[in-house]
Amino acid sequence: MRSRLQEKLLGLLFKALRPLVHILLEAGIGHREFAEVAKRAYVDVAIKNYGIRGRDTNISRVAVMTGLTRKEVKKIKDSGAGYDFSEVKQIPANTVLNYWYCDEEFLDGSGEPKGLDFAGGPGSFSDLVKRYAGDIPPGALRTELIRTGAVEKRADGMLIPKTKDFRVSQENLVQWSLERPLFGITSNLAHNIFVGRPSKDRQKSWTSRVVEFSGVDLHSVPELRARIKEKAIETTELINSEGMRYEDLGKAEDSQNTSVFFGCFYWEESGG
């Protein structure tokens with residue numbers, strides 16, 4: 001049986017993952033890809049943080065801790081730091097689009113992807129889906145590709161591919177929605193639990209402050225949101241000015257440099 005702490009953590013994980021999954025789906029990243037990355041993260045942390053006398057954790061212990069097989073752990077460990085996530089199997093929508101652009105049977109004389117009839121024998125959209133998307137119904141995949149703009153349906157019913165990617169995410173999706181805020185929040189949590197908790201050294205804890213306002217009238221939320229945004233801008237600009245003074249110190253030839261970040265974010269219980 002799981003402990004109450006484990007059950008609570010799983011519940012919190014589900015709650016925290018929902019908005020993240022929303023972002024991943026928008027970028028065309030499915031469960032298989034997420035699971036593969038999560039698997040590697042488990043192995044990486046288990047190897048580097050639970051070894052004895054400063055050495056990496058051995059494969060057998062990593063398997064015990066993570067629930068993965070020794071074969072899986074060894075494969076991930078042997079891949080090294082330069083693991084290529086492009087090898088992770090994509091969602092069916094991306095797979096179908098990719099083969100639509102490279103399988104000769106679905107290309108015209110100039111090497112461009114052909115427009116396809118939905119139903120029919122070899123060379124139809126349904127045939128393409130059957131070959132490369134397993135048991136995914138062709139109708140469901142067509143609907144999703146049209147909804148996202150990856151495929152256009154002409155008046156005569158012909159399906160025309162518009163892009164090789166199921167989702168063409170904006171460049172700032174990764175950097176601003178994930179890279180800095182997400183990594184920053186999770187790094188802060190882990191650091192304060194393992195380094196800055198009371199039994200360790202509280203002087204080494206990182207700033208983490210959350211303010212909650214319960215029972216706010218819904219009609220007042222826009223005004224409160226605007227006020228908080230105004231104060232957050234003032235705070236971050238002040239901290240930015242302070243930090244720039246320390247950047248100047250880092251320009252000395254004998255200085256050892258690192259990067260320091262400060263985040264400020266807002267959310268509502270219903271948002272996500």
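From a predicted model like this one, the values you see are computed outputs, not experimental measurements.
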Asks: Please identify each residue that fulfils side-chain hydrogen bond (donor to acceptor under 3.5 Å, both in side chains) with Lys74, with sequence neighbours left out.
Replies: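 Once residues adjacent in sequence are excluded, the partners of Lys74 under the side-chain hydrogen bond (donor to acceptor under 3.5 Å, both in side chains) criterion are Asp78.
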Asks: Could you tell me if the side chain of Ile91 sits less than 4.5 Å from the side chain of Arg32, heavy atoms only?
Replies: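 The answer is no, as the side chains (C-beta and beyond) never meet within the 4.5 Å cut-off.
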Asks: Are the side chains of Ile76 and Lys39 in touch, meaning some heavy atoms are under 4.5 Å apart?
Replies: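 Answer yes - side chains close enough.
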Asks: In Å and rounded to the nearest 0.5 Å, what is the CD1 to NZ distance from Ile160 to Lys153?
Replies: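 Answer rounded to 0.5 Å: 12.5 Å.
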Asks: Of Tyr99, Trp100, Phe106, which meets side-chain contact (heavy atoms from CB on, under 4.5 Å) against Cys102?
Replies: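 Exactly one pass, corresponding to Tyr99.
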Asks: Decide yes or no on side chain to side chain contact (heavy atoms under 4.5 Å, CB included) for Glu105 and Asp127, but give the supporting numbers first.
Replies: CA-CA 11 Å; Glu105 188 167 346; Asp127 179 41; 4.1 Å; yes
Asks: Dump the intermediate steps for salt bridge (Lys or Arg N to Asp or Glu O under 4.0 Å) on Lys75 and Glu72, then the final yes or no.
Replies: CA-CA 5 Å; Lys75 180 181 178 182; Glu72 288 176 304; over 6 Å; no
Asks: Can you tell me how far CG of Leu25 sits from CZ of Phe34, rounded to the nearest 0.5 angstrom?
Replies: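 So the CZ of Phe34 and the CG of Leu25 are separated by 11.0 Å.
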Asks: How many angstroms lie between atom CZ of Phe118 and atom CZ of Arg142, to the nearest 0.5 angstrom?
Replies: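 Here the interatomic distance stands at 4.0 Å.
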Asks: Check step by step if side chain to side chain donor-acceptor pair (under 3.5 Å) holds for Asn58 and Ser60.
Replies: CA-CA 6 Å; Asn58 65 49; Ser60 295; 4.5 Å; no
Asks: Rounded to the nearest 0.5 Å, what separates atom OG in Ser208 from atom CG in Leu189?
Replies: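 Reported value, rounded in 0.5 Å steps: 6.5 Å.
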Asks: Measuring only between side-chain heavy atoms, which start at C-beta, is Tyr132 closer than 4.5 Å to Pro92?
Replies: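 They are not in side-chain contact.
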Asks: Thinking salt bridges, do Arg4 and Glu7 make one under a 4.0 Å N-O criterion?
Replies: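 Salt bridge absent between Arg4 and Glu7.
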Asks: How long is the gap from NE2 on His191 to OG on Ser205, to the nearest 0.5 Å?
Replies: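 It is 6.5 Å, given to the nearest 0.5 Å.
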Asks: Could you state the interatomic distance from CZ (Arg131) to CG (Asp103), rounded to the nearest 0.5 Å?
Replies: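 The CZ atom of Arg131 sits 5.5 Å away from the CG atom of Asp103.
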Asks: Same cluster or not: Ile233 versus Ile239, using hydrophobic residues (I, L, V, M, F, W, Y) connected whenever any side-chain heavy atoms lie under 4.5 Å apart?
Replies: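 No, no single cluster joins them.
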Asks: Can you tell me if CD on Glu234 sees more than 12 non-hydrogen neighbours from other groups inside 6.0 Å?
Replies: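 Above 12, so yes.
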Asks: Could you check Glu237 against Thr235 for side chain to side chain donor-acceptor pair (under 3.5 Å), going step by step and ending with a plain yes or no?
Replies: CA-CA 5 Å; Glu237 287 182 347; Thr235 301; over 6 Å; no
Asks: Can you tell me if Leu13 has over 12 outside heavy atoms packed within less than 6.0 Å of its CG?
Replies: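 More than 12 heavy atoms, drawn from other residues, nucleotides or ligands, come within 6.0 Å of this atom.
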